[in-house]
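Report on one structure; see the data block that follows.
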Protein chains: 2
Amino acid sequence: MKQTRSNTDMASVAEKAEAKGPAGSQTLMRGLDIIDAVMDGPITLADLAAKLGLNRSTTHRLANALIERRYVTFMPRIGYQFGPKLLALGFLAQQRTDVVQVARPHLEALAAQTEDTVHLGVIEGDLALYLDKIPGRRRVEISSRVGERQPLTSTGLGKALLLDEAEARWRQLFERDQASGSPKADYAAWLERMKGYVEAERSFDLEENEDLIRCVAAPVRDASGRIVAAISVSSAAQYMADDRMQALTGDVRETAEAIGRDLGWSETAPTPRARTRRS
Amino acid sequence: MKQTRSNTDMASVAEKAEAKGPAGSQTLMRGLDIIDAVMDGPITLADLAAKLGLNRSTTHRLANALIERRYVTFMPRIGYQFGPKLLALGFLAQQRTDVVQVARPHLEALAAQTEDTVHLGVIEGDLALYLDKIPGRRRVEISSRVGERQPLTSTGLGKALLLDEAEARWRQLFERDQASGSPKADYAAWLERMKGYVEAERSFDLEENEDLIRCVAAPVRDASGRIVAAISVSSAAQYMADDRMQALTGDVRETAEAIGRDLGWSETAPTPRARTRRS
DNA sequence: CGCTGAATTCCATATTATGGACATGAGTAT
DNA sequence: ATACTCATGTCCATAATATGGAATTCAGCG
């Protein structure tokens, strides 16, 4: 190598650039960089080399290795593109991904940090289904149980699950939930609060579902950007003053996003905030 | 390196092994081997090293590079597993995959080889929708047009699309299609033929839809193993004697499978032949 | 409290990846 | 036709990079 080519020298040129890795795997890292680069759409060899800050020759060799493994495709006159292997791997991975298992460590961390009870749940039909629960370290017990179903519109978790839904569905569920007994609430006021929750990508439960229990919840999104689950931190109202709820928002959202990332979600993902308000 | 470690020496040990690639990217290839190995389920470092036929030290370094990039996950007491990056890439890739575009080169090759008209189609509601057509080199013209819809039960393409459906759906569609005019046919006979098509993963059209036009069709499966499209080779009956239809079966199925592979399908894929016979 | 079976770190070595230069090929303008 | 351009593909001497054996740490377990 005639020219000393240090990674840091060219860092300014490279876009995604290599976080140099555990050192001793430059070739692998560069190969993965190529996969990333190629995901932005068809690209020519020269552009690819420029984007990665490496020699065309090197880029060509690595790209061809990826082509042979079907991670990348090359079409003359078009350029390098993602390959079918990614479809196969993605599907395989999706099949073997279980929200509960993925979320566990994150929920435990959040519970340890807040000392309160943490829940994980999904939508099942018109109800929220609790999939997991890590009890808090406080004397007050939360009565929820894994496997239990709760109304969507009156629990923090449920409302987080509904954040992407159309207003029509909100109304429908709200009326259904109100019909079944619980203390009367005003739809207009509820709607206003929901709109605020949507903006904040986080919801509250202010003793609506259970007296003296308040909670902060946030939705979990998968690779498609869809809400596939939600998490919540619940505690007795005495530990959940308004300011604490505000303070918890950050932690809860961060945990929800961390779980999402483990499900393939990324901020720059498809349908990042495109609310799918149908019917 | 004290010990001469040539790729071919250890090829007997390695399972998936490296198809040595374009030489000059050993590290990348080994990294990709790790991804493959890890997709079979959680695995310890030692087992991983054994499976790939390389040193634990090397394996560890490469695996960690992949972990940093989120292609692989490590959980103590469990082992190395696929990582969330594969979910993200898979989803991204799926979003940008278009059957027509992917199928084109394969259809052209098949048309060139057979000299007959080749079609690509999908199910739309209760009909087969033609998405692409490569005209044959024979004097006889096939009247179909891209964008056109045809009955599912009387065309070769349509029957290929139905190969995984439940018998109940077959009957329902058959009766609906018969109602709308065409010459009467016997359901029992049709059913028997369909069962044969299912076994052969290929269907025929014996002048049912259009007089003097016969065709051979096969389904295209994506990464999930589901039938997402079908292709057919059509020609005038004079060029389509029974023996030629049998002979074409291989080519048509191979082309359909090649398209499927470009859509992420693999023979060892989930739901490979598990017929989803519901309702 | 010392095993056992794992992951992780270290470092001298030579194998592997590198990139400059050159070759080829397919459109396109002349 | 013929030269030009912009693209991908190939070669090979060089040195930087990846390698793996050995030593180390870590976490359960008996």
Side-chain angles (χ1 to χ4, degrees), chain A residues 1-10 13-14 18-34 37-38 42-69 72-81 105, chain B residues 1-10 13-14 18-34 37-38 42-69 72-81 105:
Chain A
M1 292 163 186
K2 277 75 189 253
Q3 158 193 317
T4 307
R5 173 213 36 68
S6 93
N7 301 334
T8 42
D9 280 1
M10 305 220 142
V13 174
E18 43 244 302
K20 80 175 174 318
S25 50
Q26 191 184 69
T27 309
L28 213 203
M29 291 313 239
R30 287 177 171 181
L32 301 183
D33 284 343
I34 289 183
V38 136
I43 186 172
T44 73
L45 185 63
D47 288 349
L48 191 54
K51 193 166 192 171
L52 301 183
L54 8 125
N55 188 295
R56 281 207 301 299
S57 185
T58 299
T59 309
H60 179 258
R61 182 163 24 82
L62 298 180
N64 268 22
L66 290 169
I67 287 171
E68 185 177 328
R69 294 303 210 93
V72 170
T73 286
F74 174 69
M75 300 201 67
R77 300 261 96 210
I78 298 188
Y80 294 83
Q81 258 179 120
Chain B
M1 291 160 189
K2 277 76 189 247
Q3 158 193 319
T4 306
R5 174 209 35 68
S6 94
N7 299 335
T8 42
D9 280 1
M10 306 220 143
V13 175
E18 42 242 303
K20 79 174 176 317
S25 49
Q26 193 185 70
T27 310
L28 213 203
M29 292 312 239
R30 287 177 170 182
L32 301 184
D33 284 343
I34 290 183
V38 137
I43 186 172
T44 74
L45 185 63
D47 289 349
L48 192 55
K51 194 165 191 171
L52 301 182
L54 25 108
N55 189 293
R56 278 207 300 297
S57 184
T58 300
T59 309
H60 178 257
R61 182 162 23 81
L62 298 180
N64 267 21
L66 290 169
I67 287 172
E68 185 177 328
R69 294 304 211 91
V72 170
T73 285
F74 174 70
M75 301 200 67
R77 300 261 98 211
I78 298 189
Y80 294 82
Q81 261 179 118

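Letters A, B, ... are given to chains in the order of the sequence lines, protein chains preceding strands, and every chain is numbered from 1. This one's a predicted model, so the numbers in the text were calculated from it and none came from an experiment.
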Task: Heavy-atom closest contact (A:Leu28 atom, B:Ala65 atom, distance) - done: CD1-CB, 3.9 Å
Task: CA sep, side-chain torsions, deciding dist, call: A:Thr27, A:Thr58, side chain to side chain contact (heavy atoms under 4.5 Å, CB included) - done: CA-CA 9 Å; A:Thr27 309; A:Thr58 299; over 6 Å; no
- [ ] Calculate the interatomic distance between B:Arg61 atom CZ and C:dC11 atom C1'; express it in whole Å.
- [x] 12 Å
Open item on the list: In whole Å, I'd like the distance from the CG atom of A:Leu52 to the C1' atom of C:dA17.
Closed with: 16 Å
- [ ] Take the protein atom CG of B:Leu28 and the nucleotide atom P of D:dT19, then report the distance between them rounded to whole Å.
- [x] 11 Å
TODO: Applying side chain to side chain contact (heavy atoms under 4.5 Å, CB included), run through B:Val38 and B:Thr73 and close with a yes or a no.
DONE: CA-CA 9 Å; B:Val38 137; B:Thr73 285; over 6 Å; no
Task: Atom-pair distance (CG on B:Leu62; C1' on C:dT9), nearest Å - done: 15 Å
Open item on the list: Run the side-chain contact (heavy atoms from CB on, under 4.5 Å) test against A:Leu45 and tell me which residues pass, sequence neighbours left out.
Closed with: A:Thr59, A:His60, A:Tyr80
Task: Approximate separation, where rounding is to 0.5 Å, of B:Leu52 CG and B:Leu62 CG - done: 8.5 Å
Task: N or O in side chain of B:Arg30 less than 4.0 angstrom from D:dT19 OP1/OP2 - done: yes
Open item on the list: Does C:dA17 have its OP1 or OP2 closer than 4.0 Å to a side-chain nitrogen or oxygen of B:Thr27?
Closed with: yes
Task: Distance below 4.0 Å between B:Ser25 side-chain N/O and C:dT16 OP1 or OP2 - done: no
- [ ] Using whole Å, report how far CG of B:Leu54 lies from P of C:dT16.
- [x] 12 Å
TODO: If a protein heavy atom is under 4.0 Å from the base, mark B; if only from the sugar-phosphate, S; if neither, -; do that for nucleotides 3-9 of chain D going 5' to 3'.
DONE: -----BS
TODO: Name the closest nucleotide to the A:Gln26 side chain, picking from D:dT19, D:dG21, C:dT18.
DONE: C:dT18
Task: Residue B:Thr58, side-chain heavy atoms: nucleotide from C:dC10, C:dT18, D:dT19 that is nearest - done: D:dT19
Task: Those residues that, when tested against B:Ser57, pass side-chain contact (heavy atoms from CB on, under 4.5 Å) (two or more places apart) - done: B:Asn55
